[in-house]
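Worksheet for the structure shown next.
Just so it is clear, the structure is predicted and the values come from calculations on it, not from any experiment. When a residue number appears, it is its place in the shown sequence, counting from 1. When a ligand or atom number is given, it counts from 1 through the structure's own listing order.
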Amino acid sequence: VVGLVDTHTHLFEKSLLEESEEIQRRCLDEGVVAAVLPNIDLETIADIKSYQAIDGFEIKKLMGLHPSSVNSDSITSDLKVIEREIGSRIYDGIGEIGIDLYWDKSHQEAQEKAFVTQCNWAVEMDLAVSIHSRDATDLCIDLIKKEVKPGLKGVFHCFTGSVEQARLIMDMGMYLGIGGVVTFMNAKLRDVVKSVGLEQVVFETDSPYLAPHPHRGKRNESSYLRLIAGHVSEHLEIPLDEVVKTSSKNARQLFFG
Ligand SMILES: [Zn+2]
């Protein structure tokens, strides 16, 4: 089986960078042929820009400001830097962006502003977004409906919500990013995916974080995407080929325009 696309992986992160070529080769060995790299903050811009694909491996890069890197004091100037980057037209989407109220609620207003602003850039430039929402999925859905121009496309990355939330996201024409959590013991996410199906699902590792079973707790890498796809194939009783085909078609529609 070939052709898996990892729609969310930080291959440019320091812990993965030194093994960059080996990791990409292991990806190809496991049938993972492409990856989407979302930016995090201003410090990672240089790393993401200089990251290079080996022959046969395809890479798309997203630019955006991660919600946990949004600071009320510097939001205006930070967004200016991001806007200038996106304006250079070397990116294939905007991310990762969103709202994270798990670690820190003190910058919520600034996070909302950064999220809405970057979503609107995406609509204006016809780019897809990669959304990070933690303790804030309903809020993100609400903001998109009320404050973002119509026509936003993209993915709720690392989706772990309910069937109801999944349907709200799908009704907006957006996608669910399913990662390693789906392989964990007793993951209710498996049943959520089973009830909504794969039509609006893409796969991701979020490496180096969130390694799937049996690597849980260790450094994650994009080649493990095969384990995630295999797990979903088994649980939904859909042949792996079909799982790969549907998820990759979705991923390519979003970020490989
Ligand atoms: Zn991420």
Using only N, O or S atoms, tell me which atom of [X] is closest to the Zn ion (ligand 1).
X: His10; result: NE2
X: Asp206; result: OD1
X: Glu96; result: OE2

As an exercise, state the distance from CD1 of Ile178 to CZ of Phe159, rounded to the nearest 0.5 Å.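 It comes to 6.5 Å.
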If you round to the nearest 0.5 Å, how far is CG of Asp78 from CG of Leu42?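 Rounded to the nearest 0.5 Å, the CG-CG separation comes out at 4.5 Å.
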Near the Zn ion (ligand 1), is there an N/O/S atom from His66 that is less than 2.8 Å away?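 Under 2.8 Å: His66 has no N, O or S contact with the Zn ion (ligand 1).
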All side chain to side chain contact (heavy atoms under 4.5 Å, CB included) counterparts of Gln200, not counting sequence neighbours: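 Gln200 satisfies side chain to side chain contact (heavy atoms under 4.5 Å, CB included) with Met170, Tyr175 once adjacent residues are dropped.
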Cationic N near anionic O, under 4.0 Å, Glu19 to Arg26: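 Salt bridge: yes.
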